[in-house]
Amino acid sequence: MPRIELLEQIYTIVEQIPVGRVTTYGRIAAMTEGATPRMVGSALRNLPAGHQLPWHRVIAASRKLADHGGAERQHQKLRDEGVVFDRKGRVAFDLVWPD
DNA sequence: CTTCTGACCAGTG
DNA sequence: TCACTGGCCAGAA
């Protein structure tokens, strides 16, 4: 599978995460044909300025935010759309998409 | 060509 | 639950 098409598959999936829900790098990778969780993280890190993808709805399999530069902003964006975090910064199972 | 570095993850103790 | 480990694989140097 060509690198570009893999990227497009990743973006297409991220695009479909419902508001107020989240999914993980690993789940997205599994939905593509050959991508690995690391590639998904890399794809989001390199998003071009001006994109409109809900990158903030992608979290780690531990259901915590991955450690990266925009984590703080990501946390606020999710809070703004109603996502609740428990005391240890984890998101409820029910919010992980797809069901 | 080799080495290193990640917005990762599942297994193990 | 947490810390650590080995595996992962495309880029950058």
Side-chain angles (χ1 to χ4, degrees):
Chain A
M1 206 58 180
R3 179 184 73 78
I4 298 301
E5 288 184 27
L6 221 43
L7 276 179
E8 291 179 352
Q9 282 186 25
I10 292 171
Y11 294 147
T12 298
I13 293 167
V14 172
E15 217 166 48
Q16 299 177 345
I17 307 172
V19 175
R21 304 290 304 276
V22 298
T23 193
T24 72
Y25 299 91
R27 279 188 172 218
I28 292 173
M31 291 184 231
T32 66
E33 299 170 34
T36 64
R38 280 190 182 299
M39 284 184 229
V40 176
S42 179
L44 296 186
R45 184 188 61 203
N46 298 118
L47 283 175
H51 67 81
Q52 58 181 59
L53 286 160
W55 57 273
H56 59 282
R57 306 213 264 250
V58 183
I59 65 179
S62 60
R63 283 161 26 222
K64 294 185 205 170
L65 301 193
D67 178 28
H68 63 94
E72 196 47 50
R73 204 166 82 83
Q74 175 176 21
H75 187 276
Q76 176 164 17
K77 273 178 165 286
L78 286 173
R79 259 199 350 146
D80 288 346
E81 53 183 62
V83 174
V84 178
F85 292 83
D86 67 18
R87 188 174 50 185
K88 295 175 183 172
R90 262 192 294 268
V91 171
F93 256 134
D94 315 38
L95 295 182
V96 182
W97 175 88
D99 295 296

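Within every chain, numbering begins at 1; the chains are lettered A, B, ... in the order of the sequence lines, protein sequences first and strands thereafter.
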> Looking at A:Arg21 and A:Asp99, does any basic side-chain N land under 4.0 Å from a carboxylate oxygen?
Replying inline: yes
> To the side chain of A:Arg3, which of B:dA7, C:dG11, C:dT1 is closest?
Replying inline: C:dG11
> Yes or no on side-chain contact (heavy atoms from CB on, under 4.5 Å) for A:Leu65 and A:Leu78, after CA distance, side-chain angles and deciding distance?
Replying inline: CA-CA 10 Å; A:Leu65 301 193; A:Leu78 286 173; 3.9 Å; yes
>> Applying side-chain hydrogen bond (donor to acceptor under 3.5 Å, both in side chains) as the test, list every pair that has at least one member in residues 2-12 of chain A; sequence neighbours left out.
In response: none
>> Between C1' on C:dA10 and CD on A:Gln9, what's the gap in Å once rounded to a whole number?
In response: 16 Å
> Just checking, any donor-acceptor pair under 3.5 angstrom between side chains of A:His56 and A:Gln76?
Replying inline: no
> Can you tell me how far P of B:dA7 sits from CD1 of A:Ile17, to the nearest Å?
Replying inline: 18 Å
>> What is the separation between atom CD1 on A:Ile28 and atom C1' on B:dC8, rounded to the nearest whole Å?
In response: 12 Å
> When the distance from CE of A:Met31 to P of B:dC8 is rounded to whole Å, what number comes out?
Replying inline: 17 Å
> Within the side chain of A:Glu81, is there an N or O that forms a donor-acceptor pair under 3.5 Å with the backbone of A:Val19?
Replying inline: no
> Can you list, by residue number, the residues of residues 32-48 of chain A that have a non-hydrogen atom closer than 4.0 angstrom to DNA chain C?
Replying inline: A:Thr36, A:Arg38, A:Met39
> What closest approach, in Å, do A:Ala29 and A:Pro37 show between heavy atoms, and which atom pair accounts for it?
Replying inline: CB-N, 3.6 Å
> To the nearest 0.5 Å, how far apart are CZ in A:Arg63 and NZ in A:Lys88?
Replying inline: 11.5 Å
> Among residues 57-77 of chain A, which residues get a heavy atom nearer than 4.0 Å to DNA chain B?
Replying inline: A:Ala60, A:Ala61, A:Ala66, A:Asp67, A:His68
> Whole Å only: how far is the CG atom of A:Leu6 from the P atom of C:dG11?
Replying inline: 10 Å
> Any sub-3.5 Å donor-acceptor pair from A:Arg90's side-chain atoms to A:Lys64's backbone N or O?
Replying inline: no
> Starting at CD1 of A:Ile4 and ending at P of C:dG11, how long is that distance when rounded to a whole Å?
Replying inline: 8 Å
> In whole angstroms, how far is the P atom of B:dA7 from the CD1 atom of A:Ile13?
Replying inline: 21 Å
> Has A:Asp67 got more than 12 heavy atoms of other residues, nucleotides or ligands less than 6.0 Å from its CG?
Replying inline: no
